[in-house]
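First comes the structure, then the notes that go with it.
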Amino acid sequence: MKKAFPGSFVTLEGPEGAGKTTQVKLLAKELDSLGIKHVVTRDPGGTPLGRKIRRILLSNENTVVPMAELLLYQADRAQHVEELIRPSLEDGCIVLCDRYTDSTVAYQGYGRNIDLALIDQLNQMSTGGLRPDLTILFDIESGDGLSRLHPGGHDRMEKEAIDFHHRVRGGYHKLAEAEPQRWRILDASKALSVVQDEFRRILVESLGKKHPLAPLLKDS
Ligand code: Z5A
């Protein structure tokens with residue numbers, strides 16, 4: 001498939017507490033020390049406007065109906081793609097994004113039961129069709145992931161009933177099965193260093209040994 005941009009777009013997906021944020025921060029440190037040009041960002045909240053939207057979305061103070069929630073995630077994403085992701089890819093960066101359009105399918109689609117075709121349409125609109133080159137599912141049993149999070153510190157989404165979180169995880173598995181060329185599944189229940197090694201291995205094997213990320217495997 002012909003690529004529209006010189007950079008690489010990698011997204012990290014998964015249920016709560018899977019360790020995406022921890023792993024992407026560890027990886028960013030390695031990339032810094034190897035001098036590999038990259039951008040680490042997250043969805044929602046990758047831009048100044050997005051950080052305001054993120055606060056609204058995750059605050060326990062707000063009642064947010066499912067359609068408003070869906071549109072707020074999409075508003076964040078439209079800004080994120082245009083302001084940061086697309087320009088970074090055009091500049092040749094490796095963009096590592098903690099959640100993206102697949103989160104909307106998993107959470108608002110499978111979790112909240114909003115029509116999947118509508119979500120696909122909105123994902124297309126908010127991204128201008130920009131899709132990841134590689135998506136890694138940090139997979140963990142929903143209850144195990146939630147139990148890693150701070151007790152009492154649960155935000156509006158994390159407070160959803162366990163059934164919701166089971167539907168989200170099931171949704172991720174359906175997405176990964178439907179598009180195996182883009183998705184890799186990583187067992188995120190393992191110890192931190194094991195997950196870190198697996199994350200590096202998946203990146204290099206999926207993007208290729210000539211990719212700028214290849215030196216990651218040499219030190220591991
Ligand atoms: N959402 C949505 O509904 N629709 C959308 O379109 C989008 C998002 C884009 C974003 O909040 C919320 O928005 C999220 C989905 C929804 N909902 N929830 N709930 P977020 O960005 O704060 O949520 P998150 O991405 O799930 O972050 P998280 O809960 O912090 O999970 P994580 O980043 O995968 O995990 P972590 O922060 O790296 O690790 C969690 C804890 O586990 C931490 O104490 C670590 O030290 C520990 N940890 C990490 N790895 C390990 C291992 N391997 N073993 C043991 N302990 C570990």
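Start at 1 and go down the list; that is how both ligands and their atoms are numbered. As a basis for the values below, the full set of heavy atoms in this structure was taken, side chains included, without hydrogen atoms, waters or symmetry mates.
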Inset, instruction - Give a yes/no on ligand 1: does His165 have at least one heavy atom closer than 4.0 angstrom to it? - result: no

Any N or O of [X] that comes nearer than 3.5 Å to an N or O of ligand 1?
X	result
Ala18	yes
Val195	no
Leu149	no
Glu69	no
Tyr107	no
Arg42	no

Legend entry - Option from Leu57, Leu122, Asn123 for which side chain to side chain contact (heavy atoms under 4.5 Å, CB included) with Tyr73 holds: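 With Tyr73 as partner, side chain to side chain contact (heavy atoms under 4.5 Å, CB included) holds for just one option, Leu57.
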
Legend entry - Exceeds 12 heavy-atom contacts within 6.0 angstrom, atom CD of Glu82: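 Not more than 12 within 6.0 Å, no.
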
Going by the closest heavy atom to [atom], which one wins out of [options]?
atom	options	result
atom 12 (C) of ligand 1	Ile140, Val105, Leu58	Leu58
atom 15 (C) of ligand 1	Lys25, Arg99, Glu160, Arg148	Arg99
atom 49 (C) of ligand 1	Asp144, Thr22, Thr101	Thr22

Legend entry - For Lys190, the ligand 1 atoms whose distance to one of its heavy atoms is below 4.0 Å: 52 (C), 53 (N), 54 (N)

Legend entry - Proximal ligand 1 atoms for Gln108, defined as those under 4.0 Å from one of its heavy atoms: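 Close to Gln108: 2 (C), 3 (O), 4 (N), 5 (C), 6 (O).
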
Legend entry - Pair Arg182 + Asp133, salt bridge at N-O below 4.0 Å: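 So Arg182 does not pair with Asp133 through a salt bridge.
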
Legend entry - Step-by-step salt bridge (charged side-chain N to carboxylate O under 4.0 Å, His left out) determination, Lys174 to Glu177: CA-CA 5 Å; Lys174 288 191 181 127; Glu177 278 160 27; over 6 Å; no

Legend entry - Within-4.5 Å side-chain heavy-atom neighbours: Phe9 and Val95: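 With C-beta onward as the side chain, the pair touches.
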
Inset, instruction - Select one of side chain, backbone, both or neither to describe which atoms of Leu57 lie under 4.0 Å from any atom of ligand 1, heavy atoms only. - result: neither

Inset, instruction - Can you run down the ring pair (Phe, Tyr, Trp, His ring centres under 6.0 Å) pairs that involve residues 124-147, sequence neighbours left out, and say none if there aren't any? - result: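 Qualifying pairs: Phe138-Phe199.
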
